[in-house]
Enquirer: 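Following this message is one structure expressed as structure tokens.
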There are 2 protein chains.
Amino acid sequence: MSNSEVARDKTLVQSVDRAVAVLELLARNGEAGITEIAAELGVHKSSASRLVHTLQARELVEQEGERGPFRIGIGMLRFAGAVTGQLDYVRVGGPVCTELADRLGETVNIAVLDGDVALNVSQARGSSAVAAQNWVGQRTPLHATSSGKVLLAAAPADEQERLLSGELESCAPRTITDPVKLRYVLRRTAEDGFATCMEELEAGLHAVAVPVFGSRGDVVAAISAAGPAYRLSQKRMPEIVEELRVASRDLSVRMGHPVL
Amino acid sequence: MSNSEVARDKTLVQSVDRAVAVLELLARNGEAGITEIAAELGVHKSSASRLVHTLQARELVEQEGERGPFRIGIGMLRFAGAVTGQLDYVRVGGPVCTELADRLGETVNIAVLDGDVALNVSQARGSSAVAAQNWVGQRTPLHATSSGKVLLAAAPADEQERLLSGELESCAPRTITDPVKLRYVLRRTAEDGFATCMEELEAGLHAVAVPVFGSRGDVVAAISAAGPAYRLSQKRMPEIVEELRVASRDLSVRMGHPVL
DNA sequence: CACCGTGTTCCGTAATACGCAACGGAGGTT
DNA sequence: AACCTCCGTTGCGTATTACGGAACACGGTG
């Protein structure tokens, strides 16, 4: 499902594209051996071996011990630093996330709009986090997450319609797949200034998000809290929304945007 | 100075190697145009263009607006998440850095030993940071940094000697380049449990570091504070060392290592 | 309006990365 | 302990692939 040759763009460099595919595979799987990588990319073992070793020479890939599977390497941090240097949300969002996560005891995320998906740029786990999953860098569907709804609700109308006209994939039993219903929810989101997500992405997972405003009053990101359904009850939402709003304002200020 | 062809390893994939060089260049410079990249790598503009666009298609590179210079792209966060998921120092070090940076008002770094250099894996800027430089992912010489001295002092004797026998590059007027003197300093570092760096890396820059211990009592990282010489005076050192020690213990605990 | 500096596109060439197959090493199994 | 199997690496020959050259397109500027 990764990259079937849908008429490869002639201007793209094949081996580089494959190398990035290797990195993406490792990021997704955590680790993988040469044979597995070769199979996944649909290339010969020798090719995979050479690609991996080239990346290893640059420390973008490393292997457990002498003869183990490969992982993403430490050298990648060089670039992570470079991207966080530009993306204010990341640099400044970390502390904000951490603080709020400590206070709520739930996992807190900051996400930005990236094309047709919500991209998590920062995260802090709550003290009572059950599964310690890392969402940083993960893309999540806009219609099935609280952050996504907030970002989508703030997007220009044509952008919104373009997405609504596409297929709304069902991620969990309660995912909103009806465009009409989603349109209504987005309107409510814009009015209320927050969005919830009740088992729409994953069974048993609730979340709630509020927008983060930029200097011109536009929505530049969303900050959300997520946790197990039994803990993030409907009743607790107003309290959490208020906490999120405080964090959101804090974030705006730290990013140098005048408070409204 | 980047990559002169010192008999390119035949098993390496040239274009992938070049692509990574592009990324490293962007990480270093912040941004660059096609022509500049081509010149720096010593390749033709057309080659550089293709490499960059391949990376852009995967969102590892993005450009400012429609016709601007190129930067490291958001897609890189995918990998950043993957590496931080494995490297405990990064995941857990962030909050610790932030807290200490807030308290001291100086920039705090966590570094690990990576071959012959100290690799900064986490950073938080102090409130009064003058230059907001990002050191995450940066490699710094072991003999000219406080973290480096701490890490080196804890390294096995043969490793230490190997490095001392190599050339000690002079980074600033006061860099220690004499192996005999450095050997003495390292012994002192091991005894004292901290190391300083007074304008040895950069004129006007002082720093001080303490070790971070792993579960078996071995040194796994170093945590350091850095700032302008006039602010990090010799007199203030004991106080800062004490703060660093607290943070170091905190870090060890958070990483699940039993306190000694 | 012509000029310079961008970056992109087309094209022919040969360098380059590919797939193949054989090799070498570890671990596990009988 | 010898066998076997699985994994990764190395040489090798081929043709795919990426490269460099030059011309082109696009803006900004004098």
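Each chain gets a letter, A, B and so on, in the order the sequences are listed, and its residues count up from 1.
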Enquirer: For the side chain of His143(B) and the backbone of Leu163(B), is there at least one donor-acceptor N/O pair under 3.5 Å apart?
Expert: no

Enquirer: Sub-3.5 Å donor-acceptor pair from the side chain of Ser165(B) to the main-chain atoms of Glu161(B), do we have one?
Expert: yes

Enquirer: Measure CG/Leu41(B) against P/dA18(D) and give the value in whole Å, please.
Expert: 17 Å

Enquirer: Take the protein atom CD of Glu36(B) and the nucleotide atom C1' of dG7(C), then report the distance between them rounded to whole Å.
Expert: 14 Å

Enquirer: Ile37(B) has an atom CD1; how far is it from atom P of dC19(D), in whole Å?
Expert: 14 Å

Enquirer: What's the CG-P distance between Leu51(B) and dT16(C), to the nearest Å?
Expert: 14 Å

Enquirer: Have Arg50(A) and Ser46(A) got a donor and an acceptor in their side chains that come within less than 3.5 Å?
Expert: yes

Enquirer: Ser15(A) side chain N/O closer than 4.0 Å to the phosphate oxygens (OP1, OP2) of dA17(C)?
Expert: no

Enquirer: Determine, for nucleotides 20-30 of chain D in 5'-to-3' order, which nucleotides have protein heavy atoms under 4.0 Å from the base (write B), from only the sugar-phosphate (write S), or from neither (write -).
Expert: BBB---S----

Enquirer: For dT16(D) versus dC12(D), give the span between their P atoms, rounded off to a whole number of Å.
Expert: 22 Å

Enquirer: Atom CG of Leu12(B) to atom P of dT9(D): distance rounded to whole Å?
Expert: 12 Å

Enquirer: With sequence neighbours left out, what residues match Ala32(B) under side chain to side chain contact (heavy atoms under 4.5 Å, CB included)?
Expert: Leu26(B), Glu36(B), Ile37(B)

Enquirer: Send over the distance from Ile34(A) CD1 to dC18(C) P, rounded to a whole Å.
Expert: 13 Å

Enquirer: Is the phosphate of dA17(C), meaning OP1 or OP2, less than 4.0 Å from a side-chain N or O of Gln14(B)?
Expert: yes

Enquirer: Would you sort out whether Val96(A) and Ile223(A) count as a side-chain contact (heavy atoms from CB on, under 4.5 Å), showing the intermediate values?
Expert: CA-CA 10 Å; Val96(A) 176; Ile223(A) 181 166; 4.2 Å; yes

Enquirer: Does Arg71(A) pair with Glu62(A) as a salt bridge, N-O distance under 4.0 Å?
Expert: no

Enquirer: Without decimals, in angstroms, what is the distance between Asp17(B) CG and dA18(D) P?
Expert: 15 Å

